[in-house]
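Sequential numbering from 1 along the given sequence is applied to the chain's residues.
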Amino acid sequence: MEQGENTMHAPKELYCIGTGPGDPELLTLKAVRLLKNADRIAVVGRDPQKSLAYRIAVQAVPELAEKELTGLDLPMIRDREILEKKRREAADVLASLADGAARAAVLTLGDPSIYCSISYLQPYLAARGVILHYVSGVPSFCAAAAAWRAPLALEDEELRILPGLYEKELPEFNGTYVLMKSGRNYRELRESLEGGDRELYLAENCGLPGEKLVCPPEELPEEAGYLSVLMARKRGGLSG
């Protein structure tokens, strides 16, 4: 057992707070209350104040500017050995923040239960005696659907949410695709979906400055940024 991995201590508590996709008005009342009351706050990124999650949250909770902030180095890489090392180090930092009577929180974009870097730390935190509470945030694909004024699913339709970052070829499916963070593979995904029986919707930087929304009958652009949500839905099921 590595240093710091001891389950004998009394549990500590840490709140992972979803900031939503970008619009500070989409933070929940619970998220705002917990952030106002938190003593210590962690944010993914070496410079916490440059983090997008922080920049969203501070607009809704100006008091954050006066609070103690700690950065977490959790790079987006696929090297499992380095990832595990970084996750253990981040768990040590969070366990330290949650020590004693401190009210500790960590910020994340969107919702903490959907492709969230902090979720991977849960077993490491549990080994350090930390209970991780999730505080729901609005997922980017729900905010995008609202911006498109389009339902994601109706009646018996299915909804499949995929990490666009890792997908290039889509399995056959009779419902609606939602591809999150699809910028890296956007061209391949677009080409595989165009010309079929689905209408394609694109949201870039939903809820943020520079938001770009594309929906039928518009044509999708050639390129899309990292924070892009692509939706593909059977034709005839939506009305704008």
With clusters built from Ile, Leu, Val, Met, Phe, Trp and Tyr whose side-chain heavy atoms come within less than 4.5 Å, directly or transitively, what are the remaining members of the cluster of Leu29, listed by chain and number?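 Taking Ile, Leu, Val, Met, Phe, Trp and Tyr as members, Leu29 stands alone, with no cluster partners.
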
How does the hydrophobic cluster around Leu26 look, that is, which other residues are in it when side-chain heavy atoms under 4.5 Å mark a link?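 Answer for Leu26: Val138.
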
Using the side-chain hydrogen bond (donor to acceptor under 3.5 Å, both in side chains) criterion, which residues pair with Ser136? Sequence neighbours excluded.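 Counting only residues at least two positions away or on another chain, Ser136 forms no side-chain hydrogen bond (donor to acceptor under 3.5 Å, both in side chains).
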
Under 6.0 Å from the CD atom of Glu81, do we count more than 12 heavy atoms belonging to anything else shown?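 12 or below, so no.
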
Asn174, CG: over 12 other non-hydrogen atoms inside 6.0 angstrom: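 For Asn174, atom CG is not crowded (no more than 12 foreign heavy atoms under 6.0 Å).
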
Extract all donor-acceptor atom pairs below 3.5 Å that involve side chains of residues 106-121 and protein atoms in other chains or at least two apart in sequence.
unit_1	atom_1	unit_2	atom_2	d
Asp111	OD1	Ser113	N	2.8
Asp111	OD1	Ser113	OG	2.4
Asp111	OD2	Gly137	N	3.1
Ser119	OG	Pro112	O	2.6
Ser119	OG	Tyr134	OH	3.1

Sub-4.5 Å side-chain heavy-atom contact between [X] and [Y]:
X	Y	value
Leu220	Tyr186	yes
Leu83	Leu74	no
Pro163	Lys181	no
Leu202	Pro221	yes
Leu162	Val178	no
Leu193	Leu230	yes
Asn185	Leu179	no

Listing request: all salt bridge (charged side-chain N to carboxylate O under 4.0 Å, His left out) pairs with a residue in residues 26-36, at least two apart in sequence or in separate chains.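 Those involving residues 26-36 do not exist here.
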
For residues 203-217, which residue pairs pass the salt bridge (charged side-chain N to carboxylate O under 4.0 Å, His left out) check, not counting sequence neighbours?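 Qualifying pairs, neighbours excluded: none.
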
Tell me the closest heavy-atom pair linking [X] and [Y], and the distance in Å.
X	Y	result
Leu200	Ala232	CD2-CB, 3.5 Å
Leu125	Ala95	CD2-N, 4.4 Å
Gly183	Ser228	N-CB, 4.3 Å
Gly71	Pro48	N-CG, 3.4 Å
Tyr54	Ala65	OH-CA, 3.5 Å
Phe141	Ile161	CZ-CD1, 3.4 Å

Below 4.0 angstrom, N of the basic side chain to O of the carboxylate: do Glu84 and Arg80 qualify?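 So Glu84 does not pair with Arg80 through a salt bridge.
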
Glu199 bridged to Lys234 by N-O distance under 4.0 Å: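 Salt bridge between Glu199 and Lys234, a charged N being under 4.0 Å from a carboxylate O: no.
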
Between atom [atom1] of [X] and atom [atom2] of [Y], what is the distance when rounded to the nearest 0.5 Å?
X	Y	atom1	atom2	value
Asp92	Leu97	CG	CG	11.0 Å
Arg55	Thr19	CZ	OG1	10.5 Å
Leu94	Arg40	CG	CZ	12.0 Å
Gln122	Leu14	CD	CG	10.5 Å
Ser182	Glu188	OG	CD	11.0 Å
Leu208	Asn205	CG	CG	5.5 Å

Distance-only, no hydrogens or angles: does the Arg149 side chain make a donor-acceptor pair with backbone N or O of Ala145 under 3.5 Å?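 No, the answer is negative, given that no donor and acceptor are paired below the 3.5 Å cut-off.
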
Under the 3.5 angstrom rule, does the side chain of Arg198 hit a backbone N or O of Thr176 as a donor-acceptor pair?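 Judged by distance alone, no pair lies under 3.5 Å.
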
Geometric cation-pi criterion, Arg160 with Phe173: 6.0 Å, 45°: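 Pair Arg160/Phe173 counts as cation-pi.
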
Holding to salt bridge (charged side-chain N to carboxylate O under 4.0 Å, His left out), I want the full list of residues that pass it with [X], two or more places apart in sequence or in another chain.
X	value
Glu63	none
Arg190	Glu194, Glu222
Glu223	Arg187
Lys85	Glu89

Please test Ile131 against Lys12 for side chain to side chain contact (heavy atoms under 4.5 Å, CB included), starting from the C-alpha separation and ending with a verdict. CA-CA 6 Å; Ile131 298 173; Lys12 310 163 190 176; over 6 Å; no

For Glu157 and Arg233: C-alpha separation, side-chain torsions, deciding distance, then whether salt bridge (charged side-chain N to carboxylate O under 4.0 Å, His left out) applies. CA-CA 10 Å; Glu157 295 173 339; Arg233 182 180 166 85; 2.7 Å; yes

Give the intermediate values and the outcome of side chain to side chain contact (heavy atoms under 4.5 Å, CB included) for residues Leu64 and Val61. CA-CA 6 Å; Leu64 287 184; Val61 187; 4.1 Å; yes

With sequence neighbours left out, what residues match Tyr15 under ring-ring contact (aromatic ring centres under 6.0 Å, His included)?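 Checked Tyr15 against ring-ring contact (aromatic ring centres under 6.0 Å, His included); matches are His133.
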
Does any pair with a residue in residues 65-75 pass side chain to side chain donor-acceptor pair (under 3.5 Å), and if so which ones, sequence neighbours excluded?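 Non-adjacent pairs meeting side chain to side chain donor-acceptor pair (under 3.5 Å): Asp73-Lys86.
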
